[in-house]
Amino acid sequence: MLLIRCPYCGDRDEIEFAYGGQAHLARPAPPAAQSDAEWGAYLFLRDNPKGVFLERWMHAQGCRRWFNVARHTVTHEILAIYPMGTPMPDVALIAHQARGLMGGAR
Amino acid sequence: MGHAPRFSLWSLARNALNHHADWPQQWRDAAPKPSYDAVIVGGGGHGLATAYYLAKQHGLGRVAVLERGWIGGGNTGRNTTIVRSNYLWDESAHLYEHALKIWENLSDELNFNVMFSQRGVMNLAHNLHDLRELSRRAHANRLNGIDCEILTREEVAAFCPGLDVSASRRFPIMGATLQRRGGTARHDAVAWGYARAADALGVDIVQNCEVTGIRRDARGVVGLDTTRGSIQARKVGLVAAGHSSVLAAMAGFRLPVQSHPLQAFVSEPLKPVVSCVVMSNAVHGYISQSDKGELVIGAGIDAFNSYAQRGSHPVIEDTAAAIVELFPQFSRVKLMRMWGGIVDVCPDASPIIGKTPVPGLFINCGWGTGGFKATPGSGHVFAATIAKGEPHPLAAPFALDRFSTGALIDEHGAAAVAH
Ligand SMILES: Cc1cc2nc3c(=O)[nH]c(=O)nc-3n(C[C@H](O)[C@H](O)[C@H](O)COP(=O)(O)OP(=O)(O)OC[C@H]3O[C@@H](n4cnc5c(N)ncnc54)[C@H](O)[C@@H]3O)c2cc1C
Ligand SMILES: [Zn+2]
């Protein structure tokens, strides 16, 4: 089970949270101007890395606020937590720092 | 090639007298060659079946299956082995029924006992909505020539006497559908049976060989980089289940697939007590009993993306609660083992079979929580797709481009409970 630090409420069990999938998806505008392929990509294509993933969580049983998380999809380590609306962090940098943190190759 | 002699009553008896000490090796542990006509990436049931049909039905002489670990070590060897074809939409019904028909003869065809047991699959209804949804699906199945019966509460109790059908349950059982031709099979035997039969036709099954890169030129795919050297091939089939997105990224495209852990567990062996497969969407649980007597119990996925091949404890707790709701007498049964697999979940709960943006590179993935049942049919239609370069008619609706045309095949009802 994950221990997730809600930026507003502090450390809580994973069961208090709802998962929101990939973060930083921007709805292309205007929708009618998009090709089928572009619109399909926006609706359905997702990153699915084996490594650091930028994702959204919501504190469903608490403050009900959304926030972003950088989490490693193999170790499940939470490497960064940052507010919605902030620019996408540098995943390579986070992955690099995680490697240092975990003391070696991963 | 084809070293392994056929199994027969005589060979079983002779080896029994010998204390099973000198069974010959059943397939070669092949080393990779520098080039092949077709290479299949992923030695699960779907990949091995694809290789078998490529060699058997399409006469491809030089075929290899590359597996990063051991064959059947992925979801094929981790699933709860439920086989059924009672899907809602025509496209899926035809595909899964195609597979079920192959299952019915598979042990004979492979000369390997896959222990296919048509003990019946029961889907329970706990409320009026369930009843309506299940009867809609049952009628759709019958229109597609697929056997499906609607059972009353009393008929449910008679078919599976261990179930608690009393009206006082929190989620009372109001009825069910029953597919009598559904059931279970032995997961490892499916991988081994296809491996052995493919090997006998000359297919190289290469284990401990991870694909690390996909090479292409202007015309399309030209080969693969692996941990055992590079391999040339102008036809490549990706059949890597939970790792499909990782392989797609090597070829430069994205998939609508997300990887999640899915768990299962088995109990201590008990005397026969669950005679069929029982599944319930409403409480979210599915259970059957293995020939050894273990209760085989399947859970749901963890909501978050993961490649860790292990799931969370809250999911186990929910699943145990669901099973105890159906069978209160199991509350003190001890669990012996639990494990997880990484499943490749698609937005419409249907697989992706067909071409990719890279010519010569084909993909078969997105089976998510329920692809074991499709193994023979999936391999069969995917082999035809690779050999001809055009989708097999049963595979055509499952092409990757349905996510831009909008022709989704929404099977969230038939696949609501992970299985
Ligand atoms: C707990 C659980 C219960 C389930 N229950 C059921 C059920 O009851 N009924 C049902 O129908 N389905 C069920 N499923 C789903 C079913 O197991 C899968 O859909 C099916 O087995 C997928 O088969 P496969 O051959 O495509 O994948 P896998 O067996 O996972 O094979 C893919 C292979 O690809 C290999 N691979 C990955 N990356 C690489 C690489 N880079 N290079 C080389 N090889 C690579 C992997 O090691 C793996 O062996 C369940 C799954 C789980 C996890
Ligand atoms: Zn909070």
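Chain letters run A, B, ... following the sequence lines, proteins first, then strands; residues in each count from 1.
- Residues passing the salt bridge (charged side-chain N to carboxylate O under 4.0 Å, His left out) test with B:Arg337, sequence neighbours excluded: B:Glu294.
- Looking at B:Ser378, its side chain never comes within 3.5 Å of a backbone N or O of B:Ala374 through a donor-acceptor pair.
- For A:Leu43, no part lies under 4.5 angstrom from a heavy atom of chain B.
- Side-chain atoms of A:Phe67 and A:Pro83, non-hydrogen and from C-beta on, never get closer than 4.5 Å to each other.
- In terms of modelled atom types and a separation under 3.5 Å, the side chain of B:Glu325 and the main chain of B:Phe171 share a donor-acceptor contact.
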Using only distance (under 3.5 Å, no hydrogens or angles), which donor-acceptor pairs connect chain A and chain B?
unit_1: B:His243; atom_1: NE2; unit_2: A:Lys50; atom_2: NZ; d: 2.8
unit_1: B:Ser245; atom_1: OG; unit_2: A:Asn48; atom_2: ND2; d: 2.8
unit_1: B:Arg254; atom_1: NH1; unit_2: A:Asp47; atom_2: OD1; d: 2.6
unit_1: B:Leu255; atom_1: O; unit_2: A:Arg46; atom_2: N; d: 3.4
unit_1: B:Val257; atom_1: O; unit_2: A:Asn48; atom_2: ND2; d: 3.4
unit_1: B:Gln258; atom_1: NE2; unit_2: A:Asp47; atom_2: O; d: 2.9
unit_1: B:Ser259; atom_1: N; unit_2: A:Asn48; atom_2: OD1; d: 3.2
unit_1: B:Ser259; atom_1: OG; unit_2: A:Asn48; atom_2: ND2; d: 3.0
unit_1: B:Asn305; atom_1: O; unit_2: A:Arg71; atom_2: NH1; d: 3.3
unit_1: B:Asn305; atom_1: O; unit_2: A:Arg71; atom_2: NH2; d: 2.6
unit_1: B:Ser306; atom_1: OG; unit_2: A:His76; atom_2: NE2; d: 2.7
unit_1: B:Tyr307; atom_1: N; unit_2: A:Thr73; atom_2: O; d: 2.7
unit_1: B:Tyr307; atom_1: OH; unit_2: A:Asn48; atom_2: O; d: 2.6
unit_1: B:Tyr307; atom_1: OH; unit_2: A:Asn48; atom_2: ND2; d: 3.4

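- Residue B:Leu408 touches chain A through its side chain alone, counting heavy-atom pairs closer than 4.5 Å.
- Two residues are said to be in side-chain contact when any heavy atoms from C-beta on lie closer than 4.5 Å; B:Val358 and B:Ile214 fail this criterion.
- Using a 4.5 Å cut-off on side-chain heavy atoms (C-beta onward), B:Val345 and B:Val257 make no contact.
- Heavy atoms closer than 4.5 Å to chain B are found in the side chain of A:Ile15, but not in its backbone.
- Neither the backbone nor the side chain of B:Ala249 has a heavy atom closer than 4.5 Å to any heavy atom of chain A.
- Without hydrogens or angle criteria, B:Glu67 side chain to B:Gly43 main chain gives a donor-acceptor distance under 3.5 Å.
- Using the six-membered ring where Trp is involved, B:Trp367 and B:Tyr96 have ring planes that are perpendicular, over 60° apart on the 30 and 60° scheme.
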